[in-house]
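Predicted model, so just to flag it, every value in this text is computed and none were measured.
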Protein chains: 2
Amino acid sequence: MDFDQLADCHKALGDKTRLRILALLREEDLCVGELVEILKITQPAVSQHVRKLRNARLVKERRQGQWVYYSLDGKDYPFYSSILQSLPDLSAEITRLKAEGKKGICT
Amino acid sequence: MDFDQLADCHKALGDKTRLRILALLREEDLCVGELVEILKITQPAVSQHVRKLRNARLVKERRQGQWVYYSLDGKDYPFYSSILQSLPDLSAEITRLKAEGKKGICT
DNA sequence: AAATAATATAAGCATATTCTTATTTGTTTG
DNA sequence: CAAACAAATAAGAATATGCTTATATTATTT
């Protein structure tokens, strides 16, 4: 892997919101609407962030009906798992979403 | 470590030239003039890049006479060593510098 | 097929990044 | 202390990034 590709990968990681998305996806796959709920940012903002993560091959998407689920990818990068491990725990956010009955938006 | 700090760290890693600097420092400590020689960019550009790496605590500096040597730091980051391992080998560049009699600029 | 829902894309603006040249600061040496 | 050298900082221009609102695409449902 060359310097350009590696720089692009780290560039994708160099944003607070995208790191939060990865921390959430570490817990479980989520659709865009769920990310919008948790992150409290607009839907286009979420779409743009996940697209950057996808271009860097850090996440992958799968369409399921009218929803698009995102999940961790990044098999390409030997350092990725240790980066993921370094991220703060956001499982409480997902718990909260479920408690509010909003997890399951996408079902 | 919070998301902001982690994002800043990865932002510092999100540049091709800075990754090349880290790949070089992995081989040995170098002063600014040596980095200028190898990277073929201007001296202020090198200074600005190493400052960003230093602000992110990825490198540290030590003044030695009129020269400032940079070396790897980054003890803070558990993922750092695996990132460093992923960088392409630039030892040939340092070999070339020495062959041209320019390593030892800073002595 | 029309209406609705979820997501993606486009366009425009504000801010951030990176480069360049010019200048300043710090160190050594005559 | 003055001259010379190394590195840092400043300022300005060009490009990139991230946000917002508006619109387009894709899938479902009736």
Touch class at under 4.0 angstrom, heavy-atom based, for A/Tyr69 against every strand present: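 No contact.
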Ring pair (Phe, Tyr, Trp, His ring centres under 6.0 Å): pairs with one or both residues in residues 72-101 of chain B, sequence neighbours excluded: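 Of all non-adjacent pairs touching residues 72-101 of chain B, those that pass ring pair (Phe, Tyr, Trp, His ring centres under 6.0 Å) are B/His10-B/Phe79, B/Tyr77-B/Phe79.
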Of all pairs that satisfy ring pair (Phe, Tyr, Trp, His ring centres under 6.0 Å), the ones with a partner from residues 30-75 of chain A, not counting sequence neighbours: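 Residue pairs with at least one partner in residues 30-75 of chain A: there are none.
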Neighbours of DNA chain C within residues 8-20 of chain A, by heavy-atom distance under 4.0 Å: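 Within residues 8-20 of chain A, no residue comes under 4.0 Å of DNA chain C.
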Those residues of residues 43-52 of chain B lying under 4.0 Å from DNA chain C by at least one heavy atom: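 Close to the strand are B/Pro44, B/Gln48, B/His49, B/Lys52.
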In whole angstroms, how far is the [atom2] atom of [N] from the [atom1] atom of [X]?
X	N	atom1	atom2	value
B/Leu53	C/dT18	CG	P	10 Å
A/Leu30	C/dA6	CG	P	15 Å
A/Glu34	C/dT7	CD	C1'	13 Å
A/Tyr70	C/dT7	OH	P	9 Å
B/Leu39	C/dC19	CG	C1'	14 Å
B/Glu61	C/dT27	CD	C1'	15 Å

No-hydrogen, no-angle side-chain donor-acceptor test under 3.5 Å, B/Ser47 and B/Gln43: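 The answer is yes; a qualifying pair exists.
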First of A/Ile41 and B/Arg63 reached from the 5' end of DNA chain D, by closest nucleotide: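 In this pair, the answer is B/Arg63.
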5' to 3' contact window, DNA chain D with chain A (heavy-atom distance under 4.0 Å):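 Going 5' to 3' along DNA chain D, contacts run D/dT17 to D/dT28.
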Under the rule for salt bridge (charged side-chain N to carboxylate O under 4.0 Å, His left out), what residues qualify as partners of [X], not counting sequence neighbours?
X	value
A/Asp29	A/Arg62
B/Asp4	A/Lys16
B/Arg51	none
A/Glu28	A/Lys98, A/Lys103

Qualifying residues under side chain to side chain contact (heavy atoms under 4.5 Å, CB included), relative to B/Glu93, sequence neighbours excluded: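 By the side chain to side chain contact (heavy atoms under 4.5 Å, CB included) rule, B/Glu93 matches B/Leu24, B/Ile38, B/Leu90, B/Arg96.
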Partner set under side-chain hydrogen bond (donor to acceptor under 3.5 Å, both in side chains) for B/Gln48, not counting sequence neighbours: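 Here no residue qualifies.
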Partners passing disulfide (SG to SG under 2.5 Å) against A/Cys9 (at least two apart in sequence or in another chain):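 Expected list: none.
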Nearest-0.5 Å distance that lies between atom NZ in A/Lys75 and atom CZ in A/Arg57: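 One finds 12.0 Å between NZ of A/Lys75 and CZ of A/Arg57.
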